[in-house]
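Worksheet: one structure, shown below.
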There are 2 protein chains.
Amino acid sequence: MLTLLSRADEMMTSNSESMAQTRETGTLGKLMVLLDLVTHAEAPLRFTDILARAGQPRGTLHRQLSHLVEEGLLELDGDGRYAPGLRLLDFAARSWARNEFRLIAEPHLAELQQATGETVHLGVLRGQSIIYLDKVDGRQPVRMYSQIGNASPCYCTGVGKAALSLLPPDLLADLLAGINFTSFTASTHASGESLLAEIREIADQGYAFDREEHEAGIRCVAAPVWSQDRTFIGGISITGPAYRLSMELLRQWAVPVQLAAGRIMEGMRIRLGPRR
Amino acid sequence: MLTLLSRADEMMTSNSESMAQTRETGTLGKLMVLLDLVTHAEAPLRFTDILARAGQPRGTLHRQLSHLVEEGLLELDGDGRYAPGLRLLDFAARSWARNEFRLIAEPHLAELQQATGETVHLGVLRGQSIIYLDKVDGRQPVRMYSQIGNASPCYCTGVGKAALSLLPPDLLADLLAGINFTSFTASTHASGESLLAEIREIADQGYAFDREEHEAGIRCVAAPVWSQDRTFIGGISITGPAYRLSMELLRQWAVPVQLAAGRIMEGMRIRLGPRR
DNA sequence: TCAATTTGTTCCATTATATGGAACTTAATT
DNA sequence: AATTAAGTTCCATATAATGGAACAAATTGA
């Protein structure tokens with residue numbers, strides 16, 4: 001299941017990139033493909049595994065991997081298997097700790113969690129994925145690393161659909177066209193048309209639902225959040241089990257979610273100036 | 001303070017690398033320098049800021065940054081400032097979630113936390129830094145992203161000194177020679193000689209203390225942990241405020257910490273086979 | 001045990017990519 | 001408006017990546 005998600009997500013990402021531009025990143029681009037391969041794998045990969053999937057000549061691949069290992073982006077264990085390097089953790093810890101969007105949103109997420117008692121998420125759109133920047137659940141405001149940073153599809157999450165509703169029509173159309181719709185549950189959108197219709201509705205009303213579209217038994221209500229410079233286009237959501245969160249209750253929570261979203265954007269205006 | 005630490009750490013890292021090898025990583029190496037620059041900065045950097053620090057010609061730097069942005073490793077906001085890219089989060093979330101060493105250690109860390117009531121850390125040596133892989137504190141086993149992944153100096157942390165005690169003399173000497181000793185408190189080791197003496201002692205007794213060497217008022221007791229293939233050389237520790245953790249108490253805890261370390265290594269032998 | 005095979009590593013002439021100086025455009029400052 | 005600084009683009013040159021092949025090491029099978 002997790003594996004399936006990762007694969008699907010990987011495909012989508014590469015689709016969108018190959019579509020969007022001529023992919024002219026040269027050396028770095030090739031190395032990133034390898035990094036993707038290794039970090040998306042369920043287990044450390046041997047040289048031959050990577051060779052089969054990367055489509056590079058042996059000599060070339062060997063040197064590329066060596067460089068990645070030298071830089072600490074990959075690690076080679078005693079059995080000759082490649083795993084993600086711990087230097088990635090260091091990079092991520094820094095980028096997370098200092099992310100302005102997250103810092104500003106933090107107190108408002110906590111407040112929303114207090115008010116509802118359910119789990120609150122903050123995510124932003126990157127390509128066709130939602131990357132979760134923060135999560136507040138249970139008793140105290142606490143971060144579970146395993147969830148933060150994870151990329152999820154935009155077309156079947158509340159935060160994702162809320163984010164899409166902020167895009168101008170042309171960008172939205174391009175993005176939708178590149179999506180490879182995977183049906184996670186019976187209610188997952190299976191085509192751009194049905195998704196587009198809902199996104200228009202979301203744009204009108206200002207909030208979005210996830211009606212068990214990504215995971216059976218899980219619902220959420222989300223509201224869009226954006227920075228004025230469009231660096232961050234995302235959303236916040238309240239998520240929980242369907243047995244506890246009736247659609248009626250979610251409709252009631254649409255207002256507080258939108259209010260919290262508004263306060264986050266207000267906070268950004270104050271902290272970052274009117275431009276952003 | 002944080003900035004100082006980051007800088008020092010950065011310097012140390014590049015020292016060790018230039019010492020260890022001829023730094024032959026070509027294109028990737030140059031790009032990583034830029035990534036380091038941006039992720040270590042306290043705030044997003046403008047082009048000119050990076051230009052001043054990177055020592056690259058304008059045209060070159062511009063293209064390098066563009067490539068990093070295209071790959072999602074950096075992000076360029078509306079004000080022309082470069083910040084770490086969110087793709088780093090995705091990479092890190094994956095490498096963390098699947099890290100075998102951490103997965104195996106997890107229950108033993110929780111157990112140690114239960115037994116002592118204090119915060120428990122797991123860290124591994126990478127270059128001259130300790131990278132924290134996990135942390136268990138307070139009531140339930142919970143991850144605070146802001147601490148996990150952070151790199152700390154090896155010469156003034158319990159986990160760091162425990163890890164160093166596992167190195168063969170020649171490697172240890174090389175590593176110590178490259179350290180730029182920064183005095184965080186009055187008790188921080190200020191030279192390789194004094195540190196080496198303590199490390200020998202630690203190697204004999206099998207556990208290490210941090211006597212408020214990294215942060216005033218914070219003590220810890222640590223024990224070394226390693227995988228047999230030497231992929232992971234690190235340690236686990238119990239950390240807490242000096243007023244609560246007398247040196248006497250820490251000495252008592254040396255035994256349970258060592259036992260937990262032993263169980264972790266036992267777990268690795270079982271899960272990963274005798275080789276590692 | 002030795003051959004056969006698979007897997008991993010090194011080498012080097014060729015090719016592709018990055019480089020960096022300068023010209024150019026745009027924005028900020030006086 | 002003039003001046004300076006900041007950011008972007010261009011292209012001949014220098015550098016680094018490529019990939020085929022030869023080599024070495026580890027595994028498998030007879």
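Naming: A, B, ... by sequence-line order, numbering from 1 per chain.
- A salt bridge does not link B:Arg98 with A:Glu42: every distance from a Lys NZ or Arg NE/NH1/NH2 to an Asp or Glu carboxylate oxygen is 4.0 Å or more.
- Closest approach of A:Val159 and A:Gly123 over heavy atoms only: CG1-O, 3.7 Å.
- Residue B:Asp49 contributes atom CG, which lies 13 Å from atom C1' of D:dG7 at whole-angstrom precision.
- The shortest distance between the side-chain N/O atoms of B:Thr48 and the OP1/OP2 oxygens of D:dG7 is below 4.0 Å.
- For the residue pair B:Pro84 and B:Val38, the shortest heavy atom distance occurs at N-CG1, 3.8 Å.
- Remark on the helix from C:dT1-D:dA30 to C:dT30-D:dA1: inter-end axis angle 40°, axes from five-pair C1' superpositions, rounded to 10°.
- The shortest distance between the side-chain N/O atoms of B:His62 and the OP1/OP2 oxygens of D:dG7 is not below 4.0 Å.
- Under 4.0 Å is where a charged nitrogen must lie from a carboxylate oxygen, and between B:Asp49 and B:Arg53 no such pair does.
- Contact detail for A:Ser152 and A:Tyr132: the closest heavy-atom pair is OG-CE1, 3.5 Å.
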N/O to N/O distances under 3.5 Å, protein versus nucleotides 19-24 of chain D:
| unit_1 | atom_1 | unit_2 | atom_2 | d |
| --- | --- | --- | --- | --- |
| D:dG19 | N7 | A:Thr60 | OG1 | 3.1 |

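- The separation between A:Arg46 atom CZ and C:dT6 atom P is 13 Å, rounded to whole Å.
- Distance, B:Leu28 CG to C:dT17 C1': 14 Å, rounded to whole Å.
- We find that A:Glu266 and A:Arg263 are not joined by a salt bridge, their nearest charged nitrogen and carboxylate oxygen being 4.0 Å or further apart.
- Taking only side-chain atoms of A:Tyr82, from C-beta outward, the nucleotide of D:dT18, C:dT9, D:dT8 with the closest atom is C:dT9.
- When the side-chain nitrogen and oxygen atoms of B:Lys30 are compared with OP1 and OP2 of C:dT19, one or more of them lie within a distance under 4.0 Å.
- A sub-4.0 Å separation between OP1 or OP2 of D:dT15 and a side-chain N or O of B:Thr27 is absent.
- With sequence neighbours excluded, the residues satisfying side-chain hydrogen bond (donor to acceptor under 3.5 Å, both in side chains) with B:Glu75 are A:Arg126.
- Under the 30°/60° scheme for interplanar angles, the aromatic rings of B:Phe101 and B:Phe232 are found to lie parallel.
- Residues A:Leu28 and B:Glu71 share a closest heavy-atom pair of CD2-CG, 3.7 Å.
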